Chemist: 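Take a look at the following structure, please.
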Amino acid sequence: MRRIVIIGANDFQNQLILKAKEMGFETHVFAWQDGSIGERTADHFYPISIVEIDEIVEKCREIQPDAVATIASDLANITVSHVAAALGLPGNSSECIELSTNKFAMREAFQKAGLPVPAFYRVNQVTDELYSMKLPLIVKPTDRSGSRAITKITDFAELPAAIENAAGQSFEKQAIVEEYIEGDEYSYEAISYKGKHTNLAVTKKFTTGAPHFIETGHLEPSGLSDEVLAKVHKVMFAALDALKITDGASHGEFKVTPDGEIRLIEIGSRMGGDCIGSDLVPLSTGYDFMEMVIDVACGRAPRLVRKSAPRQARITFLFTEDDVAEMKRYTAAHPDEVYRISELDMSHAGSVTDSSTRIGYYITVR
């Protein structure tokens with residue numbers, strides 16, 4: 001039996017575990033033991049934190065997997081890259097992983113490639129050059145995802161607290177401060193194989209808005225016109241090349257400004273979280289994105305074959321008890337639209353601070 005190592009065991013990673021088992025793989029899953037669903041669904045679970053790379057590599061030499069993968073985490077993506085390189089398995093280069101998981105390095109790569117980026121600085125405290133920037137500003141950790149410690153500021157007096165918060169949650173204890181881009185936000189879901197990129201879907205994103213922009217939901221198809229999408233493809237393919245992404249999934253975020261310009265936010269060299277890649281893409285396009293990720297991780301070309309008819313797909317996240325009540329009303333009234341409802345964690349009801357502390361979600365299709 002073919003064996004695959006999967007880094008991470010939470011609900012999002014569980015979709016990859018289930019897909020790998022469906023494809024006939026024996027699944028070997030590594031994660032900190034905290035009761036996540038992947039601990040129960042994996043064929044073999046190893047209670048080793050995903051940051052303990054050397055220990056994971058040592059165990060993987062015993063397992064001798066055919067592939068190593070993850071789908072929704074920058075931190076897990078770093079581990080995947082190190083493990084794949086140590087075992088001689090396919091994957092993006094270490095340079096690609098650095099460029100696509102550090103927002104400062106990413107901005108520099110975009111700038112070097114001639115792509116339009118807002119003014120930006122990397123800091124761990126307030127510095128004089130920040131006062132030359134145009135308000136409003138966005139402050140966020142250089143190396144975190146999931147809407148952690150993101151703050152929009154409209155007054156320079158707010159800078160010290162925002163930088164302290166962002167740098168405090170950064171692994172390298174650094175924050176990036178950049179000028180805010182106006183416009184509607186979208187994401188770009190793609191698969192790459194040996195340097196050739198294929199767009200699978202574009203996602204319309206919904207957030208709480210300022211100051212923290214925690215994502216409240218996603219919708220596919222995005223509703224963008226063919227004319228706008230042509231401009232998006234041109235910018236995003238150039239950006240993927242700038243980050244040296246060659247193999248596997250990618251999740252790019254961008255805005256369409258009020259005057260119709262495409263402005264890059266960031267790109268991860270992994271599948272988008274929030275069930276975008278694992279569920280919304282296959283539901284809205286018919287393409288089996290997770291199968292493609294596994295195929296590329298095994299060194300095989302992705303199969304661009306529609307397995308089902310495309311539909312409109314939406315995920316809605318729950319923040320409060322009122323959101324849960326609305327979900328129950330909606331799903332009772334439209335049971336035929338319900339695709340999946342997650343387990344609910346009410347401990348953060350009304351006090352969600354980032355994507356990881358949301359109560360849960362539900363996915364609907366039309």
Side-chain angles (χ1 to χ4, degrees), residues 1-46 48-50 56 60 63 65-84 87 89-92 97 145-146 187 189-193 200-201 203 218 247-251 268-285 287-300 302-303 307 313 315 339-340 342-343 355-356 361 363:
M1 179 178 286
R2 295 178 298 172
R3 293 179 290 275
I4 185 171
V5 163
I6 294 172
I7 305 300
N10 64 15
D11 181 81
F12 298 141
Q13 299 296 339
N14 185 53
Q15 309 313 313
L16 183 64
I17 295 169
L18 298 179
K19 171 55 63 174
K21 294 176 75 169
E22 177 188 313
M23 292 173 65
F25 284 86
E26 181 180 85
T27 55
H28 296 257
V29 176
F30 290 82
W32 182 262
Q33 190 164 22
D34 62 1
S36 292
I37 188 171
E39 298 175 19
R40 303 187 295 275
T41 58
D43 293 308
H44 302 275
F45 175 73
Y46 306 89
I48 302 172
S49 169
I50 66 174
I56 293 175
C60 284
I63 298 168
D66 298 277
V68 55
T70 194
I71 61 172
S73 164
D74 279 348
L75 187 58
N77 192 31
I78 294 170
T79 302
V80 165
S81 174
H82 283 289
V83 174
L87 300 180
L89 295 171
N92 288 308
I97 299 303
S145 56
S187 66
E189 326 309 333
I191 189 76
S192 301
Y193 178 65
L200 301 177
T203 311
H218 308 291
D247 293 278
S250 58
H251 172 72
S269 57
R270 42 81 179 170
M271 184 182 285
D274 285 359
C275 302
I276 292 174
S278 58
D279 295 279
L280 299 194
V281 171
L283 289 171
S284 71
T285 68
Y287 293 128
D288 194 332
F289 200 1
M290 287 189 295
E291 181 180 90
M292 294 181 193
V293 168
I294 293 171
D295 280 341
V296 173
C298 290
R300 298 192 299 264
R303 289 168 282 183
K307 294 188 175 183
I315 184 168
Y339 178 73
R340 186 169 73 245
S342 74
E343 296 179 346
S355 297
S356 69
Y361 64 83
I363 299 174

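Note that the structure is a prediction, hence the values are computed from the model and not measured.
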Chemist: Between Y339 and L283, is there a donor-acceptor pair closer than 3.5 Å when you use the side chain of the first and the backbone of the second?
Modeler: no
Chemist: Does any part of the side chain of Y287, heavy atoms only, come nearer than 4.5 Å to the side chain of K307, both counted from C-beta?
Modeler: no
Chemist: Between R2 and M23, which heavy-atom pair has the shortest distance, and what is it?
Modeler: NH2-O, 3.0 Å
Chemist: Could you go through H82 and I97, starting from their C-alpha distance and side-chain angles, then the distance that decides it, and tell me whether this counts as side-chain contact (heavy atoms from CB on, under 4.5 Å)?
Modeler: CA-CA 10 Å; H82 283 289; I97 299 303; over 6 Å; no
Chemist: Just checking, is any N or O donor in the side chain of S355 or D274 under 3.5 Å from an acceptor N or O on the other one?
Modeler: no
Chemist: Just wondering, do V293 and M271 contact through their side chains at under 4.5 Å, heavy atoms?
Modeler: yes
Chemist: For the atom pair CD1 (I363) and OG (S278), what is the distance rounded to the nearest 0.5 Å?
Modeler: 6.5 Å
Chemist: Applying salt bridge (charged side-chain N to carboxylate O under 4.0 Å, His left out), name anything that partners D279, two or more places apart in sequence or on another chain.
Modeler: R340
Chemist: List the residues meeting salt bridge (charged side-chain N to carboxylate O under 4.0 Å, His left out) with K21, not counting sequence neighbours, and say none if there are none.
Modeler: D43
Chemist: NE2 of H251 to CD of E189: how many Å apart, nearest 0.5 Å?
Modeler: 5.5 Å
Chemist: Taking only residues two or more places apart in sequence or in another chain, which ones pass side chain to side chain contact (heavy atoms under 4.5 Å, CB included) with A20?
Modeler: I4, I6, F25, T27, I294
Chemist: Looking only at heavy atoms, what is the nearest atom pair of F12 and A72, with distance?
Modeler: CB-CB, 4.1 Å
Chemist: Using a strict 4.0 Å threshold on nitrogen-to-oxygen distance, state whether K19 and D288 make a salt bridge.
Modeler: yes
Chemist: What are the two closest non-hydrogen atoms of S269 and N77, and how far apart are they?
Modeler: OG-ND2, 2.9 Å
Chemist: Would you please name every residue forming a salt bridge (charged side-chain N to carboxylate O under 4.0 Å, His left out) with E39, sequence neighbours left out?
Modeler: none
Chemist: Any side-chain heavy-atom pair from N10 and N14 closer than 4.5 angstrom?
Modeler: no
Chemist: Can you tell me how far apart CD1 (I191) and OG (S250) are? Round to the nearest 0.5 Å.
Modeler: 7.5 Å
Chemist: Check side-chain hydrogen bond (donor to acceptor under 3.5 Å, both in side chains) between R300 and all other residues, then give those that pass, not counting sequence neighbours.
Modeler: D295
Chemist: Could you list the residues that satisfy ring-ring contact (aromatic ring centres under 6.0 Å, His included) with H28, not counting sequence neighbours?
Modeler: H44, Y46
Chemist: Any heavy-atom pair between the side chains of M290 and V281 that's under 4.5 Å?
Modeler: no
Chemist: Please set out all donor-acceptor pairs under 3.5 angstrom arising from side-chain atoms of residues 29-37, sequence neighbours excluded.
Modeler:
residue, atom, partner, partner atom, Å
D34, OD1, S36, N, 3.1
D34, OD1, S36, OG, 2.7

Chemist: Could you list the residues that satisfy side chain to side chain contact (heavy atoms under 4.5 Å, CB included) with A76, not counting sequence neighbours?
Modeler: I7, I50, T70, S73
Chemist: Check salt bridge (charged side-chain N to carboxylate O under 4.0 Å, His left out) between D11 and all other residues, then give those that pass, not counting sequence neighbours.
Modeler: none
Chemist: CG of N92 to CG of D247: how many Å apart, nearest 0.5 Å?
Modeler: 6.0 Å
Chemist: If the condition is side-chain hydrogen bond (donor to acceptor under 3.5 Å, both in side chains), which residues does R40 pass it with, not counting sequence neighbours?
Modeler: none
Chemist: Would you say that E22 contacts E291 through its side chain, given a criterion of any heavy-atom pair below 4.5 Å between the two side chains?
Modeler: no
Chemist: Could you pull out the closest heavy-atom pair between V296 and G248, with the gap in Å?
Modeler: CG1-N, 3.4 Å
Chemist: Quick check: do C60 and V68 have side-chain heavy atoms less than 4.5 Å from each other?
Modeler: no
Chemist: Working to the nearest 0.5 angstrom, can you tell me the gap between F45 CZ and I17 CD1?
Modeler: 9.0 Å
Chemist: Drop me the distance from T41's OG1 to L16's CG, to the nearest 0.5 angstrom.
Modeler: 10.0 Å
Chemist: Mind checking what makes side chain to side chain contact (heavy atoms under 4.5 Å, CB included) contact with D74, not counting sequence neighbours?
Modeler: T101, S145, R270
Chemist: Check side-chain hydrogen bond (donor to acceptor under 3.5 Å, both in side chains) between S284 and all other residues, then give those that pass, not counting sequence neighbours.
Modeler: E220
Chemist: If you take all heavy atoms of F289 and A190, which pair is closest and at what distance?
Modeler: CZ-O, 3.4 Å
